[in-house]
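Report on one structure; see the data block that follows.
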Number of protein chains: 2
Amino acid sequence: MKKITILALRGAAASSITGPMDAFLFAGVLWNIACGQKPSPCFEITVASPDGKAVKCANRLYIEPHCAIHDVKNADLIMISAIAGDVERAIGRNKEAIDWLVRQYRSGVHIASICTGAFILAETGLLKGKTATTHWGYVDLFRRRYPLVHLRPDALITDEGDLYCSGGSNAYNDLSFYLIEKLSGRDIAVQCSKAMVQDFGRATQAPYAAFRFPKGHAEQDILAVQRWIEENYTEGITIAMLADRCAMGQRTFERRFKQSTGESPIAYLQKVRINAAKALLERPHSTFEEVTYHVGYEDISSFRKIFQRHTGLRPKEYQRLFQQRNQIQRAG
Amino acid sequence: MKKITILALRGAAASSITGPMDAFLFAGVLWNIACGQKPSPCFEITVASPDGKAVKCANRLYIEPHCAIHDVKNADLIMISAIAGDVERAIGRNKEAIDWLVRQYRSGVHIASICTGAFILAETGLLKGKTATTHWGYVDLFRRRYPLVHLRPDALITDEGDLYCSGGSNAYNDLSFYLIEKLSGRDIAVQCSKAMVQDFGRATQAPYAAFRFPKGHAEQDILAVQRWIEENYTEGITIAMLADRCAMGQRTFERRFKQSTGESPIAYLQKVRINAAKALLERPHSTFEEVTYHVGYEDISSFRKIFQRHTGLRPKEYQRLFQQRNQIQRAG
DNA sequence: ATTGGAAGTGGCATAATCGACAAAAAAGAG
DNA sequence: CTCTTTTTTGTCGATTATGCCACTTCCAAT
């Protein structure tokens, strides 16, 4: 029976504490109950807070932990909950936990972080030179604070053998099942995921992420071009056209554009088009062919490749995730 | 700003309290933060327990509610958390809540149940003659206790206009997003689901459900046939063959089989085959054609239809959900 | 079982794009 | 004004994007 400790941070999202707890708790149990077999729990789960007192989570909800972090003995794995709200403030409020994590790690305990909990893990310094992930919306901040960590923004889970990270918010489920599989085998993990009515095959958080279209720079010409792209992406656009609009040499334009926005013109245009395509695919009754033409591409096959590179999913799969359904069982 | 109350039951699964809370809490907030816009919360969420004191959840975790149910004023919607463990005992321990729910409903508040929370909702009597759903593993118990409720075991969500139910465990996410869509519009709901890295397009919990193969009866002949089917389903099987094995007339056999197992022989055989097909599809590199032949069908096209009827998904989609992936980002 | 439409894969050719390097221009220092 | 340093611009070749075609698979309906 493996021992899991969940580090309940001050300012955590409550569900990032209870979610993993329930996932591990239900392993070997919920499926068995549902199928009329005898439950056989696989894990012992302890929720620990920095000082052993109730932890104030988002929405002013208090969770009473089982103990303080210093009372934790012989954990096999520690899971760091997600910070809701101001990450940098939360780091300051959880200093003891950071030191404690380092000591635990040195004594052989594995550590996994959830969503913005990766900031706490990075703060320990243990991630230096290693691969990590966090919520897609916090990538810039993370890179700025921890340039030595190799961040994989599109990964849902990273595995360094003894350090794990998971992507945004509800990716704690994927991480939990991944760890359950590692610790108790695939069958238990699949059964647990099915009993919890939760998929267990996601590979990336790319499809969930929003693109940034940086407008925070001062280059008026470039801003104008950005706006123009966003209004005219349905038509064929070439770099030459864009350069002309700024009265620049093409090569110069490319450089200036990249410097201002962080993206090359094509990459930017692609993002705008992918973004539009996503929105179109979310509507019912859309085919990828229509969408392709509508966002300004001529060829389904090549746009499909681009779409896949950006979202990590085939068009049909993307639709499955977000397409509007009209068939909820109404009054029967 | 709509007011949501979450009813924290004694003996609840903690994540069924905090999960919906965070979903509503993040609506209009998390996406905005992630995209660098100003957060604008859509909901005010209150967690209420029967007596206002901390609620003991599964794994002996205590959650402190914001208030007692009797302090709740002007709620628009009440969400009933899920019971973990012994449902009938939990009903006894939460009597006050049941009366309170009835009064709230009569005064115009909408009510939604999560997973086994449907038992509490059914206990109020409000579901009589209406459509409901609950965790797929609790269907038999539910039908026995509440025969007048029209249970849709495969539905992930049911909507009676002012009464909602959701299926197993993590279906609280789907329900939360569904309600967010109803109350704040589709855009907010989709953004919230993406920010939480959670899909928003699931329609049924059928793919997650396990079949029961009832062996609890005393008819030795029938039991023998059941076992025989489970060992020989890869071959062509006809009812006549099965009847012969029991030395019964075919019609008699069918009646006896159904009486003992609750299923017709064909339905039973189908379930066994679907079950095997599911397991095969979960292995990497399996094609539906191979699987079809392997489980004893001759025709892909017709087996596809059967598969869809039982699981609610096309074969390819099922694979996507549960097929083993080997590409977690390891030490970079 | 056949059929048709849509989804998805891969190869190939061509045009577009971008990184690296170097030339040119501009700015600064003495 | 000359020399140095910095910035901008242009060129070349490698890489990438895109369109086109052929072909397979998936799926629904006949």
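Chain A is the first sequence line, chain B the second, and so forth, proteins listed ahead of strands; every chain is numbered from 1. Below, each value reflects all heavy atoms present in this structure, side chains not excepted, and no hydrogens, waters or symmetry copies.
- Counting any heavy atom pair closer than 4.0 Å across all strands shown, A:Ile300 reaches no nucleic acid atom.
- The bend of the helix from C:dA1-D:dT30 to C:dG30-D:dC1, defined by the angle between the axes of its first five and last five pairs, stands at 30° to the nearest 10°.
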Query - Footprint string (nucleotides 25-30 of chain D, 5' to 3'): B base within contact, S backbone only, - free, heavy atoms under 4.0 Å - result: -SBSB-
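- Taking the ring centre of B:Tyr297 as origin, the terminal cationic atom of B:Arg273 falls inside the region bounded by 6.0 Å and 45° from the ring axis.
- Scanning atom types as modelled, no donor and acceptor separated by under 3.5 angstrom connect the side chain of A:Arg255 and the base of C:dG19.
- Atom NZ of A:Lys215 has more than 12 neighbouring heavy atoms from other residues, nucleotides or ligands inside a 6.0 Å radius.
- Side-chain contact annotation: A:Arg202 with A:Tyr208, donor-acceptor N/O pair under 3.5 Å present.
- Across all strands, A:Thr252 comes closer than 4.0 Å only to sugar-phosphate atoms, never to a base (heavy-atom distances).
- Within a 6.0 Å radius of CD in A:Glu230, other residues, nucleotides and ligands contribute more than 12 heavy atoms.
- The aromatic rings of A:Phe288 and A:Phe303 sit parallel, their planes meeting at an angle under 30°, below the 60° perpendicular limit.
- Whole-Å rounding puts the A:Ile239 CD1 to C:dG19 P distance at 12 Å.
- Using cut-offs of 30° and 60° for the angle between ring planes, the A:Phe322 and A:Tyr318 rings count as tilted.
- The side chain of A:Ser264 contributes an N or O atom lying less than 4.0 Å from OP1 or OP2 of C:dC18.
- Dense packing is recorded around CD of B:Gln37, with more than 12 heavy atoms of other residues, nucleotides or ligands lying under 6.0 Å away.
- Considering only residues two or more places apart in sequence or on other chains, B:Thr311 meets the side-chain contact (heavy atoms from CB on, under 4.5 Å) condition with B:Ile274, B:Lys278, B:Phe307, B:Leu313.
- Whole-Å rounding puts the A:Ile237 CD1 to D:dA17 C1' distance at 15 Å.
- Phosphate proximity of D:dG19 to A:Tyr297: absent, as no side-chain N or O sits under 4.0 Å from OP1 or OP2.
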**Report entry** Trace of the salt bridge (charged side-chain N to carboxylate O under 4.0 Å, His left out) decision for A:Lys130 with A:Glu160
**Finding:** CA-CA 7 Å; A:Lys130 304 214 167 155; A:Glu160 282 281 356; 5.2 Å; no
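- Residue A:Arg256 is out of contact with every strand shown, counting any heavy-atom pair closer than 4.0 Å.
- Close to C:dA16, at under 4.0 Å from its OP1 or OP2, lies no side-chain N or O of A:Gln250.
- In this model, the phosphate group of D:dA17 is approached by a side-chain N or O of A:Arg309 to a distance below 4.0 Å at OP1 or OP2.
- Here A:Glu254 lies in heavy-atom contact (under 4.0 Å) with a base.
- With D:dC20, C:dT17, D:dT9 as the choices, the nucleotide that has an atom nearest any side-chain atom of A:Asp299 turns out to be D:dC20.
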